[in-house]
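Here the structure is laid out as structure tokens; the discussion comes afterwards.
This structure is a prediction, so every number in the text was calculated from the model and none was measured. Along the sequence shown, residues carry numbers from 1.
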Amino acid sequence: MRYVAIPLLVAFTLVFCLAIMPASADSTPQAVIEFPSDRTIDLGLFNGDSIQSGSIIFRNTGDAPLTITGVVSDCNCTSPSYTRTPIEPGDSGVINITYDGRDYPHGPFLKIIKVRSNASNSRVNLFVKGTIRRPERK
């Protein structure tokens with residue numbers, strides 16, 4: 001009988017402790033970074049001898065300040081810049097992209113921009129797309 005009572009007592013104590021423990025995820029304020037649903041900056045059709053720019057606005061939908069810790073591109077042709085000050089809950093920031101396609105072949109492209117932050121969704125990928133127009137022959 002003693003061998004059955006001890007495991008039951010331990011199990012009851014464990015369940016009781018877990019039941020009265022507050023959920024830490026619910027009580028800690030967190031930032032949440034929100035982008036438009038497609039997370040894409042479309043640069044459209046442009047000449048290969050030009051530099052194109054675009055931007056995307058994000059919003060902090062959480063309940064703590066949002067800090068972007070890094071924005072990096074998968075290619076040297078794409079240069080990002082971003083809001084470096086903390087974004088308060090409900091406020092917005094911007095990520096600007098400059099694409100230099102002068103040394104790249106004509107045709108469509110798709111580049112990835114990796115955004116890192118202190119948000120609960122701390123890693124978000126953005127996309128930059130467009131089409132470099134074929135140079136006209138003279």
Side-chain angles (χ1 to χ4, degrees):
M1 178 74 168
R2 188 169 31 150
Y3 296 110
V4 174
I6 292 174
L8 284 176
L9 182 61
V10 169
F12 176 75
T13 304
L14 180 63
V15 168
F16 179 75
C17 288
L18 290 175
I20 65 169
M21 220 171 169
S24 62
D26 294 339
S27 62
T28 304
Q30 285 193 314
V32 178
I33 190 168
E34 184 178 287
F35 288 95
S37 60
D38 66 351
R39 300 187 326 258
T40 301
I41 300 169
D42 189 349
L43 300 178
L45 178 66
F46 59 94
N47 292 330
D49 60 352
S50 66
I51 296 175
Q52 293 296 109
S53 296
S55 62
I56 191 165
I57 295 173
F58 61 90
R59 186 167 182 224
N60 179 3
T61 58
D63 52 7
L66 168 69
T67 302
I68 303 295
T69 56
V71 178
V72 295
S73 172
D74 66 346
C75 175
N76 289 335
C77 59
T78 310
S79 301
S81 64
Y82 56 94
T83 304
R84 294 186 182 266
T85 57
I87 309 298
E88 293 299 319
D91 288 346
S92 298
V94 66
I95 296 175
N96 297 303
I97 302 298
T98 302
Y99 180 82
D100 183 354
R102 291 181 290 187
D103 295 330
Y104 295 90
H106 65 276
F109 64 87
L110 180 67
K111 302 297 176 186
I112 298 173
I113 306 295
K114 297 177 182 180
V115 180
R116 304 294 178 254
S117 70
N118 69 330
S120 59
N121 53 334
S122 63
R123 296 173 179 246
V124 178
N125 288 340
L126 303 177
F127 306 96
V128 179
K129 71 177 185 176
T131 303
I132 299 174
R133 183 180 292 135
R134 179 188 303 263
E136 294 182 19
R137 295 187 178 176
K138 296 180 181 184

When rounded to the nearest 0.5 Å, the distance separating CD1 of I113 from CD1 of I97 is 4.0 Å
Can you list, pair by pair, the side-chain donor-acceptor contacts under 3.5 Å of residues 62-69, counting residues two or more places apart and other chains?
| unit_1 | atom_1 | unit_2 | atom_2 | d |
| --- | --- | --- | --- | --- |
| D63 | OD1 | Q30 | N | 2.7 |
| T69 | OG1 | R116 | O | 3.1 |

Pairs of donor and acceptor atoms involving the side chains of residues 40-54, under 3.5 Å and at least two apart or interchain, shall be tabulated with distances.
| unit_1 | atom_1 | unit_2 | atom_2 | d |
| --- | --- | --- | --- | --- |
| T40 | OG1 | D38 | O | 2.8 |
| D42 | OD1 | G44 | N | 2.9 |
| N47 | OD1 | R133 | NH1 | 2.9 |
| S50 | OG | N47 | O | 2.7 |

Can you give each donor-acceptor pair under 3.5 Å made by side-chain atoms of residues 71-80, sequence neighbours left out, with the distance rounded to 0.1 Å?
| unit_1 | atom_1 | unit_2 | atom_2 | d |
| --- | --- | --- | --- | --- |
| S73 | OG | C75 | N | 3.1 |
| S73 | OG | C75 | O | 3.0 |
| D74 | OD1 | I112 | N | 3.3 |
| D74 | OD2 | I112 | N | 3.3 |

Which residue pairs pass the side chain to side chain donor-acceptor pair (under 3.5 Å) test with at least one member in residues 117-131, sequence neighbours excluded? none
When rounded to the nearest 0.5 angstrom, what distance separates CD1 in I132 from NE2 in H106? 9.5 Å
With salt bridge (charged side-chain N to carboxylate O under 4.0 Å, His left out) as the rule and sequence neighbours excluded, what pairs involving residues 100-109 come up? D100-R102
Under a 3.5 Å distance rule, please check whether N60 uses its side chain to pair with a backbone N or O of G90 as donor and acceptor. no
Got a sec, which hydrophobics cluster with V94, joining ILVMFWY side chains under 4.5 Å apart, including via others? I57
The complete set of ring-ring contact (aromatic ring centres under 6.0 Å, His included) pairs with one or both residues in residues 52-77, sequence neighbours excluded, reads F35-F58
Any pair counted as side chain to side chain donor-acceptor pair (under 3.5 Å), so long as it reaches residues 82-91, sequence neighbours left out: Y82-R84
